[in-house]
2 protein chains.
Amino acid sequence: MTSRRDAVHDTLRRSDGFRSAQDVYAQLRSDGAKIGLTTVYRALQALADGGLIDVLRTDDGESVYRACATDAHHHHLVCRRCGRTVEVAGPAVERWAEAVGAEHGFSEVTHTVEVFGTCADCATAKAG
Amino acid sequence: MTSRRDAVHDTLRRSDGFRSAQDVYAQLRSDGAKIGLTTVYRALQALADGGLIDVLRTDDGESVYRACATDAHHHHLVCRRCGRTVEVAGPAVERWAEAVGAEHGFSEVTHTVEVFGTCADCATAKAG
DNA sequence: ACCGATTTTGACAACCGTTTTCATTTTGCC
DNA sequence: GGCAAAATGAAAACGGTTGTCAAAATCGGT
């Protein structure tokens with residue numbers, strides 16, 4: 001029943017950044033879990049639908065998932081080198097998006113915001 | 001040479017919102033153009049690389065393209081019903097992204113921001 | 001515990017957008 | 001014209017994702 005889904009969820013929780021479905025699948029298998037790729041996809045979808053994990057799309061169209069600390073609305077600051085992710089709240093952005101929408105007569109405004117950068121550690125590693 | 005690329009570019013310019021590659025291809029064909037899907041993809045990539053058009057990913061992973069009025073950095077306010085797109089500048093967001101990155105020690109900060117909503121016309125159409 | 005009904009699972013095939021391959025065509029240049 | 005380089009496009013390959021469907025696990029009632 002939920003054991004597989006929990007396994008998927010746990011795997012995500014143990015990860016620092018966003019992981020792809022295939023990634024999670026490989027991890028579970030190497031951990032000795034008996035699970036199929038199909039089930040991993042289904043579990044990830046179910047978790048995402050239930051708001052238990054966050055999804056976003058890579059630049060090359062891959063879906064990546066993450067178990068986030070909060071289920072409140074937030075955005076991500078992702079290191080493009082090591083994938084480390086920081087959850088950030090952005091009241092200013094929320095307000096801006098709302099204002100921009102209203103200004104042009106748009107209603108039911110939603111938005112996607114992701115910030116990418118090189119984290120301090122990776123910057124040091126690169127420089128040193 | 002560039003004739004096919006120009007045809008692709010023109011097709012985008014004639015469109016109001018973001019169009020998918022296959023979309024552009026279908027349009028060109030129905031316009032009587034003799035062009036292959038491969039070439040459309042290549043043209044779109046070339047145009048995107050050259051900064052002549054903007055690319056973004058749909059929620060279902062499809063790449064969509066748009067000929068934008070300016071090549072300066074800007075974001076989009078897209079009607080989720082009719083696809084109509086307004087280009088918006090967001091100095092506040094730029095600053096916010098930069099600040100958030102700096103706050104967590106991230107450098108070379110970039111960001112993706114897209115705003116979706118229902119435009120006035122579509123809202124009226126729905127209500128009426 | 002037994003049995004049937006329902007749900008979950010997963011190997012495999014299908015899908016779909018995209019990319020690659022490669023032979024052909026077109027173009028640029030002399 | 002003639003040749004090399006670039007562009008083209010049909011078809012095949014690719015990769016992530018989703019659908020199929022039969023087998024296995026689970027649940028409910030008794």
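Computed from heavy atoms alone, side chains included, the values below leave out hydrogens, waters and symmetry copies. Below, chains carry the letters A, B, ... as their sequence lines are ordered, and counting in each starts from 1.
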A:Asp23 CG to D:dG16 P, in whole Å, measures 11 Å
field: Under 4.0 angstrom between A:Gln45 side-chain N/O and D:dT18 OP1 or OP2
entry: yes
Hits for side chain to side chain contact (heavy atoms under 4.5 Å, CB included) against A:Arg19, two or more places apart or cross-chain, chain-then-number order -> A:Leu12, A:Ser15, A:Asp23, A:Val24, A:Gln27
Taken in chain and number order and not counting sequence neighbours, the residues that satisfy ring pair (Phe, Tyr, Trp, His ring centres under 6.0 Å) with A:His9 are none
Hits for ring pair (Phe, Tyr, Trp, His ring centres under 6.0 Å) against B:Phe18, two or more places apart or cross-chain, chain-then-number order -> B:His76
Taken to the nearest whole Å, CZ/B:Arg5 to C1'/C:dT27 is 14 Å
| query | Should the heavy atoms of other residues, nucleotides or ligands under 6.0 Å from CG of A:Asp59 be counted, would the total exceed 12? | reply | no
Shorter than 3.5 Å, N or O on both sides, protein versus nucleotides 11-13 of chain C: list them out with atom names.
residue : atom : partner : partner atom : Å
C:dA11  : N6   : A:Thr38 : OG1          : 3.1
C:dC12  : N4   : A:Thr38 : OG1          : 3.2

query = Donor-acceptor pair, A:His74 side chain versus A:Ala89 backbone, under 3.5 Å?
reply = no
To the nearest angstrom, the CD-P distance between B:Gln22 and C:dC15 comes to 15 Å
note: B:Asp6, atom CG; C:dT27, atom C1'; distance rounded to Å ~ 15 Å
So salt bridge (Lys or Arg N to Asp or Glu O under 4.0 Å) across residues 65-74 of chain A, not counting sequence neighbours, yields A:Arg66-A:Glu87
Residues in residues 56-64 of chain A with a heavy atom under 4.0 Å of DNA chain D, by number, are A:Glu62, A:Ser63
Query - Presence of B:Tyr41 side-chain N/O under 4.0 Å of C:dT19 phosphate oxygens OP1/OP2 - result: no
Atom CZ of A:Arg4 and atom P of D:dA25 are separated, to the nearest Å, by 9 Å
note: A:Asp49, atom CG; D:dT18, atom P; distance rounded to Å ~ 11 Å
Exercise. Any donor and acceptor pair, going by atom type alone, linking the side chain of A:Thr11 with main-chain N or O of A:Ala7 inside 3.5 Å?
Worked result: yes
Practice item. Determine, step by step, whether A:Gln22 and A:Tyr41 satisfy the side-chain hydrogen bond (donor to acceptor under 3.5 Å, both in side chains) criterion, reporting the C-alpha distance in whole Å, the side-chain angles of both residues, the deciding distance to 0.1 Å, and the verdict. Key: CA-CA 8 Å; A:Gln22 319 247 1; A:Tyr41 273 105; 3.0 Å; yes
Against the side chain of A:Ala21, the closest entry in C:dT19, C:dT18, D:dT17 is D:dT17
Practice problem: State whether the side chain of A:Arg4 and the backbone N or O of A:Lys34 hold a donor-acceptor pair below 3.5 Å, judged by distance alone. | Solution: yes
